[in-house]
Structures are given as C-alpha cells and as structure tokens.
Amino acid sequence: MSAFKDAGHLLRFAGLFVLAFIVFLVVRRFVVPKSFGEYGHYRGAAIAEIAAHPAQFAGHQACEACHSDIADAKSKGKHAHVNCEACHGPQLKHADDPSSGVPPKPDTATLCVRCHAASAARPKDFPQVDAVAHANGVPCETCHKPHDPALGAGGTQ
Amino acid sequence: MKISRRQMLILLPAAAIAWEHVMAGTPEAAPNYAMSEHWWSMLIDIPKCIGCGNCVRACQAENDVPDGRFRTWVERYHVHDEDMMNPEVISPDGGKEGFPSVAKEDSGKYFFVPKLCNQCVDSPCTQVCPVGATFVTPDGVVLVDQKYCMGCAYCVQACPYGCRYIHPQKQVADKCTLCYHRITKGLTTACCEACPTGARQLVDLKNPNDPIHEFLRTHPVQILKPQMATGAKVYYHGMDGSVR
C-alpha cells in the first residue's frame with residue numbers, strides 16, 4: 001500500500017482535469033454556433049444566410065411576363081436567345097415594382113459594339129462590323145431594330 | 001446513491017449541456033428547395049464566347065464585387081503556331097469592358113476563356129481552412145461563411161485557379177457563390193443571365209431533364225488543371241490545350 005499512500009495528490013490532480021474539461025465543455029457550448037456540424041465541419045446556418053443575399057437581375061421570365069410584345073418580336077430574330085438584361089442591365093427593382101421608374105434606354109452607340117465590334121480575336125462566324133467604316137457615326141438603331149436586328153425586319157422596337 | 005454537493009456542482013452543467021442538445025432538435029429546412037436534389041455546376045462553351053465582358057459586369061452588379069476583384073473574369077488567349085505552350089494571355093480589368101480589338105489576324109489563334117470558381121468536389125480551399133469557414137454545400141457549391149472567416153487567406157493561396165480574394169473592406173475571403181441566392185430560387189446565375197451567346201450555362205447534374213447530360217454524352221469536354229485532382233466541375237467545351 002505504500003505505493004499509493006500519496007494517491008491523494010493524484011486524485012486532486014485528476015479532479016482538476018475533470019473540472020478543466022467541464023469548463024472547456026461549458027465554454028465550447030457558448031462559443032460554438034448551434035448549427036456548426038449540421039451538414040459538416042462548418043456553420044450550417046451560413047448556407048441560408050448566403051441564400052438570402054438580395055438579387056439584382058430579375059431573369060428574362062419576369063420581363064416576358066409583362067413585355068410579351070417585345071418577347072414576341074425578339075423571338076423571331078437573331079437576338080431570340082439574348083436575355084433582356086444582357087443589354088438592359090439588372091432590372092429586378094423595376095420587375096418587383098414597375099412604378100419605381102422606367103429603366104433608361106441603352107445607348108446603341110456603346111451597347112452594340114460591345115459584342116459586334118470587329119476583332120480578329122472573336123469567333124469567325126459571329127457577326128462583326130468595323131463601326132466607323134460601317135455606319136460612320138449613324139446610330140445603329142437607325143437601320144437595325146435591336147430586338148430583331150436583321151435589315152428590313154420592320155417593327156419599331 | 002448519495003450525491004454530495006461537489007458532485008452536484010459537476011453534474012449540473014453536464015446535464016445542462018445534454019439538455020441543450022436534446023432541445024436543439026433538427027432545424028427547419030428551406031421551403032421548396034431540397035439541397036439533396038441538386039448538384040450544381042457550369043458549362044462553358046469556349047467557341048461561343050465573344051469576349052464582351054457582360055458576365056463580369058453582371059457578376060459585379062449582382063454580388064457587390066469590389067473594383068479590381070473578380071468572382072468571374074474573361075481571359076483572351078493568343079496562341080502562336082510555333083509555341084503552343086506559351087500563350088499570350090490578357091485580361092484587362094478582368095475583361096469587364098471587353099478587349100482591345102485585333103485588326104488583322106497575325107500568326108496563331110485567339111480565343112476567350114471565361115473563368116470562375118470551379119466548385120470543386122475535393123476543393124483545396126476548403127481543406128486548408130483552419131476554422132471551417134469555407135465548405136462544399138450538400139448541393140455542390142463552395143461557399144464562404146463570412147461571419148466565421150478570419151481572413152487568414154490560406155484558401156486564397158490554396159486555390160489553384162486563383163478564384164478567391166480577400167475582400168478589401170470586409171477583410172474576409174470572398175469568391176463566386178455560383179449565385180447561390182439565385183439558383184436556390186429557381187433563377188440562373190447573373191453571368192448566365194447576362195451572357196448574350198449562351199457561352200455559359202448553369203447545370204444541375206442531379207436533374208435528369210437538364211440538357212447537360214445529352215451535351216456531355218455527345219461532346220468532348222475538359223476541366224481546368226485535372227492533374228490537381230480538385231474534382232473541378234466547371235466543364236469547358238472546345239478548350240485549347242494551351243489553357244492554364
């Protein structure tokens with residue numbers, strides 16, 4: 001028994017460890033977020049927080065719900081698969097509340113050349129023009145209606 | 001069994017912790033959207049990209065991306081015939097305002113390569129995060145928990161595609177979320193919405209009706225840096241071997 005006559009020291013030490021472990025558990029309980037580990041080694045609630053970020057682009061379905069006339073005109077032309085907001089920019093505010101204002105009409109002088117300015121770097125089969133030689137400052141929409149750009153396609157949009 | 005005062009003091013907090021776990025229960029799932037039913041990704045069709053920069057501008061508008069940082073950007077490659085492994089790559093301001101025009105084709109070829117987070121399955125960025133602030137969601141999107149991130153930038157170094165940056169104001173890691181706030185509501189990403197040629201397409205690999213399955217069956221596709229074994233799932237169609 002002589003080997004264990006000082007076991008009291010060890011017991012006090014073990015008690016200290018147990019106490020420290022409990023303190024650790026209590027602190028951990030307060031500092032680790034509730035949803036941590038819900039799906040993996042991260043805070044599960046973060047997914048919903050990121051999903052709640054406000055959007056800016058309405059999506060072409062929202063535009064077409066009201067502007068069906070333009071959607072019809074567009075569906076027949078070369079720009080059928082170009083979404084509304086590709087040219088008009090993000091319009092969710094307008095889609096949510098149309099009375100909040102009319103989106104400004106894009107300036108064709110800068111808009112069209114973004115895609116159609118001639119460059120040997122662009123794919124060969126993509127329609128491109130040297131804007132100066134082609135129109136010499138005449139606005140694009142004088143001849144090409146943006147929603148259905150083929151010449152003589154008619155319409156006013 | 002007799003419990004002493006000391007034992008009681010030890011048992012009470014332990015019981016409180018256990019009770020908390022019992023009461024927490026399972027949190028409420030998001031309505032109409034089940035993460036387990038989706039596996040998000042993107043298809044980039046390089047021959048369709050015209051380098052207009054619409055995607056870069058749309059991304060910056062949608063996600064408040066600070067100037068000079070990019071969640072998506074477009075690179076223009078100029079590959080010379082005689083030196084295929086050393087392409088000239090430019091990306092002025094991420095291709096946000098387009099690219100300088102090339103008057104007459106000299107030697108070699110040009111093409112545009114849109115880049116974004118590859119939403120890797122075995123992503124190096126999530127593996128190095130010391131605090132669990134970045135992760136792959138059950139629907140396959142790599143996200144950053146900006147409340148948890150401490151801005152150590154390990155992930156910025158770890159990403160082999162250079163898709164992450166430290167947000168200059170928030171001082172936390174930031175990256176493409178694949179417009180998680182849009183795709184969970186049935187919309188496509190801002191870049192796909194704004195792309196005029198359909199060079200970028202959001203795909204859901206778990207949706208059997210997604211045209212991506214037919215496309216992958218019938219077209220050769222590549223991922224970026226397959227040798228890194230990142231499990232990248234942004235597919236590139238028509239990509240040249242010189243792309244890094």
Side-chain angles (χ1 to χ4, degrees), chain A residues 15 18-19 21-23 25-26 28-29 33-62 79 81-90 92 113-128 130-131, chain B residues 10 13-14 16-17 20 24 27 30 33 35 47-54 57-58 61-63 76 78 97-106 110-112 126 129 132-138 143-148 177 179-182 184-185 187-188 190 193-198:
Chain A
V18 169
L19 194 70
F21 185 65
I22 287 167
V23 168
L25 285 181
V26 170
R28 191 178 179 279
R29 150 81 184 74
K34 273 213 177 64
S35 64
F36 202 94
E38 189 182 346
Y39 303 109
H41 188 72
Y42 57 92
R43 202 168 58 92
I47 297 179
E49 287 170 23
I50 293 165
H53 180 85
Q56 302 292 327
F57 282 80
H60 61 101
Q61 300 91 339
H79 283 166
H81 299 293
V82 181
N83 291 332
C84 311
E85 288 160 307
C87 300
H88 292 279
L92 182 61
V113 291
R114 256 182 205 155
C115 296
H116 295 289
S119 172
R122 293 208 154 116
K124 303 285 163 292
D125 53 353
F126 187 77
Q128 303 162 46
D130 180 341
Chain B
I10 291 168
I17 294 164
E20 197 64 45
Y33 181 79
M35 285 193 282
K48 284 187 180 173
C49 182
I50 56 170
C52 63
N54 258 15
R57 286 192 302 279
E62 178 76 24
N63 297 301
R76 189 178 81 188
H78 181 195
E97 299 301 333
F99 291 82
S101 79
V102 177
K104 197 169 140 281
E105 199 164 359
D106 41 18
Y110 290 89
F111 53 89
F112 300 97
T126 64
C129 180
T134 185
F135 47 89
V136 185
T137 62
L143 296 177
V144 180
D145 178 356
Q146 298 198 325
K147 284 189 185 156
Y148 227 60
T177 61
C179 281
Y180 198 72
H181 58 295
R182 299 178 60 84
T184 50
K185 294 181 185 76
L187 296 164
T188 189
E193 186 68 36
C195 178
T197 64

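Chain naming here is simple, since letters A, B, ... match the order of the sequence lines and numbering starts at 1 in each.
Between the CG atom of A:L92 and the CZ atom of B:R182 there is a distance of 8.0 Å, given to the nearest 0.5 Å. Note that the NE2 atom of A:H41 and the OG1 atom of B:T134 stand 11.5 Å from one another [nearest 0.5 Å].
Judged purely by atom type and a 3.5 angstrom limit, A:R114 has no side-chain atom pairing as donor or acceptor with the backbone of B:N54. Not one N or O on the side chain of B:E193 forms a donor-acceptor pair closer than 3.5 Å with the backbone of A:N83.
In this structure, A:A118 and B:S101 approach most closely via the heavy-atom pair O-CB, 3.4 Å. Nearest heavy-atom pair, B:P196 versus A:V82, reported as atom, atom and distance to 0.1 Å: O-CG2, 3.4 Å. Taking all atoms of both residues into account, the shortest heavy-atom contact from A:F57 to B:A194 is CE2-CB, 4.3 Å.
Among A:C87, A:C84, A:P33, A:A62, the residue with the largest count of heavy-atom pairs under 4.5 Å with chain B is A:P33. For the set B:G53, B:G98, B:P138, the entry with the most heavy-atom pairs within less than 4.5 Å of chain A is B:P138. Comparing B:C49, B:A58, B:A190 by how many heavy-atom pairs each has under 4.5 Å with chain A, the most go to B:A58. Highest contact tally toward chain A, considering only B:H78, B:Q146, B:M35, is held by B:M35 [criterion: heavy-atom pairs under 4.5 Å].
Contacts of A:H81 with chain B are made by backbone atoms alone, with heavy-atom separations under 4.5 Å and no side-chain atom involved. Proximity to chain B (any heavy atom under 4.5 Å) is restricted, for A:A58, to the backbone atoms N, CA, C and O. Contacts of B:I50 with chain A are made by both backbone and side-chain atoms, with heavy-atom separations under 4.5 Å. Both the backbone and the side chain of B:T137 have a heavy atom closer than 4.5 Å to some heavy atom of chain A. Proximity to chain B involves both the backbone and the side chain of A:A55, based on heavy atoms less than 4.5 angstrom apart. Of the atoms belonging to B:A133, not a single heavy atom falls under 4.5 Å from chain A.
Side-chain contact between B:C52 and A:C115 is present, with heavy atoms from C-beta onward closer than 4.5 Å. Between A:Y39 and B:F135, the closest side-chain pair of non-hydrogen atoms is not below 4.5 Å. Taking the side chain as every heavy atom from C-beta outward, B:T197 and A:F126 approach each other to under 4.5 Å.
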Going by atom type alone, with no hydrogens or angles, which donor-acceptor pairs under 3.5 Å involve a side-chain atom of residues 42-54 of chain A and a protein atom two or more places apart or on another chain?
{"from": "A:R43", "atom 1": "NE", "to": "B:D145", "atom 2": "OD2", "distance (Å)": "2.7"}
{"from": "A:R43", "atom 1": "NH1", "to": "A:E49", "atom 2": "OE2", "distance (Å)": "3.0"}
{"from": "A:R43", "atom 1": "NH2", "to": "A:E49", "atom 2": "OE1", "distance (Å)": "3.0"}
{"from": "A:R43", "atom 1": "NH2", "to": "A:E49", "atom 2": "OE2", "distance (Å)": "3.4"}
{"from": "A:R43", "atom 1": "NH2", "to": "B:D145", "atom 2": "OD1", "distance (Å)": "2.9"}
{"from": "A:R43", "atom 1": "NH2", "to": "B:D145", "atom 2": "OD2", "distance (Å)": "3.3"}
{"from": "A:E49", "atom 1": "OE1", "to": "B:K147", "atom 2": "NZ", "distance (Å)": "3.4"}
{"from": "A:H53", "atom 1": "NE2", "to": "B:E62", "atom 2": "O", "distance (Å)": "3.2"}

Practice problem: Mind running side-chain contact (heavy atoms from CB on, under 4.5 Å) on B:Y110 and A:R122 for me, showing each step along the way? | Solution: CA-CA 7 Å; B:Y110 290 89; A:R122 293 208 154 116; over 6 Å; no
